[in-house]
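For reference, the structure discussed in these notes is given below.
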Amino acid sequence: MATSFQKAVWEALKRIPRGKVTTYGAIAAHLNTKAVRAVGSAVGQNPYAPEVPCHRVVNAGGRLGNYSGEGGKSTKKRLLEREGVVVKNDRIMDFGTHFFDYTKER
DNA sequence: TACATGACTATCC
DNA sequence: GGGATAGCCATGT
């Protein structure tokens with residue numbers, strides 16, 4: 001079932017524009033919490049696969065981290081590159097450029 | 001209510 | 001640089 005926390009996480013994900021990525025830590029900070037692990041769980045359980053761009057979420061340092069989808073990280077990597085994000089060796093190139101900062105957004 | 005688990009992060013060796 | 005350990009909060013059993 002969708003808890004209030006999970007909804008908040010998914011809402012945060014939907015704010016990520018195409019071609020941008022964010023981190024679990026950034027989302028946690030945006031939700032005023034440090035539960036980055038809970039955030040990861042929420043993202044992984046999102047029932048709105050195409051609606052919620054879960055593939056735009058990476059872990060600290062711009063590494064892809066995990067991905068519960070077809071092909072796993074491979075698919076995630078391909079989706080990101082298709083949006084203009086360069087991924088190399090499971091890592092985001094020019095992470096700072098593609099990073100979506102919630103504190104700077106609006 | 002209590003315990004175990006997890007799409008994580010930071011620190012230590 | 002890579003592996004192990006601890007801390008963290010929400011969720012599920």
Side-chain angles (χ1 to χ4, degrees):
Chain A
M1 84 169 253
T3 66
S4 182
F5 181 81
Q6 293 177 327
K7 288 180 185 174
V9 173
W10 301 331
E11 285 299 313
L13 290 191
K14 286 195 288 188
R15 295 172 63 155
I16 305 174
R18 178 185 170 287
K20 291 280 185 175
V21 296
T22 192
T23 67
Y24 296 96
I27 296 171
H30 179 63
L31 300 179
N32 272 316
T33 180
K34 300 157 195 133
V36 292
R37 305 187 54 169
V39 172
S41 297
V43 174
Q45 294 172 67
N46 91 82
Y48 310 99
E51 191 176 339
V52 176
C54 44
H55 61 274
R56 294 184 187 146
V57 187
V58 297
N59 62 11
R63 291 184 291 279
L64 293 192
N66 215 323
Y67 182 69
S68 301
E70 291 270 330
K73 289 186 289 190
S74 300
T75 300
K76 182 171 183 175
K77 177 176 168 183
R78 194 175 42 174
L79 285 169
L80 290 173
E81 292 193 313
R82 209 180 69 157
E83 297 184 350
V85 180
V86 183
V87 181
K88 189 71 176 181
N89 198 6
D90 286 1
R91 275 189 294 176
I92 307 293
M93 303 307 282
D94 300 316
F95 183 51
T97 304
H98 298 290
F99 180 64
F100 176 69
D101 195 342
Y102 284 97
T103 64
K104 291 181 181 175
E105 186 256 352
R106 301 282 174 173

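Quick note on labels: first sequence line is chain A, next is B, and so on, each numbered from 1.
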Take atom [atom1] of [X] and atom [atom2] of [N], then tell me their distance rounded to the nearest Å.
{"X": "A:Asn32", "N": "C:dA10", "atom1": "CG", "atom2": "P", "value": "12 Å"}
{"X": "A:Asp90", "N": "B:dA7", "atom1": "CG", "atom2": "C1'", "value": "13 Å"}
{"X": "A:Lys34", "N": "C:dA10", "atom1": "NZ", "atom2": "P", "value": "10 Å"}
{"X": "A:Lys7", "N": "C:dT11", "atom1": "NZ", "atom2": "P", "value": "12 Å"}
{"X": "A:Leu13", "N": "B:dA7", "atom1": "CG", "atom2": "C1'", "value": "11 Å"}
{"X": "A:Trp10", "N": "C:dA10", "atom1": "CH2", "atom2": "P", "value": "15 Å"}
{"X": "A:Tyr67", "N": "B:dA7", "atom1": "OH", "atom2": "C1'", "value": "11 Å"}
{"X": "A:Leu79", "N": "B:dA7", "atom1": "CG", "atom2": "C1'", "value": "15 Å"}

Judged by modelled atom types alone, do A:Glu105 and A:His30 share a side-chain donor-acceptor pair under 3.5 Å?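 Absent: no donor and acceptor within the cut-off.
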Residue mapping more 5' on DNA chain B - nearest nucleotide basis, A:Ala38 or A:Gly25: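 It is A:Ala38, whose closest nucleotide lies nearer the 5' terminus.
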Assuming nearest nucleotide by heavy-atom distance, tell me which of A:Arg37 and A:Thr3 is located more 5' along DNA chain C.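 So the residue in question is A:Arg37.
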For A:Met1 and for A:Ala35, locate the closest nucleotide of DNA chain C by heavy-atom distance; then report the residue assigned to the nucleotide nearer the 5' terminus.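 The answer here is A:Ala35.
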Quick one: do A:Tyr24 and A:Val52 end up in the same hydrophobic cluster if we chain Ile, Leu, Val, Met, Phe, Trp and Tyr together by side-chain heavy atoms under 4.5 Å apart?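 The answer is yes; both residues are in one hydrophobic cluster.
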C:dG12 phosphate, OP1 or OP2, under 4.0 Å from A:Gln45 side-chain N/O: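 Result: yes.
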Please state whether the phosphate of B:dT9, meaning OP1 or OP2, lies under 4.0 angstrom from any side-chain nitrogen or oxygen of A:Asn59.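 Result: yes.
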Assign A:Phe5 to base, sugar-phosphate, or nothing according to its heavy-atom contacts below 4.0 angstrom with the strands shown.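 The residue A:Phe5 makes sugar-phosphate contact but no base contact.
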In terms of relative ring orientation, are A:Phe99 and A:Phe95 parallel, tilted or perpendicular, with 30° and 60° separating the classes?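 Tilted.
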Looking at A:Arg78 and A:Glu81, does any basic side-chain N land under 4.0 Å from a carboxylate oxygen?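 Not counted as a salt bridge, because no side-chain N and carboxylate O are separated by less than 4.0 Å.
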Short N-O contact, A:Glu83 and A:Lys20, less than 4.0 angstrom: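 So A:Glu83 does not pair with A:Lys20 through a salt bridge.
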Choose from B:dA7, C:dT11, B:dA10 the nucleotide whose nearest atom is closest to any side-chain atom of A:Ala60.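 Nearest to the side chain of A:Ala60 among the choices is B:dA10.
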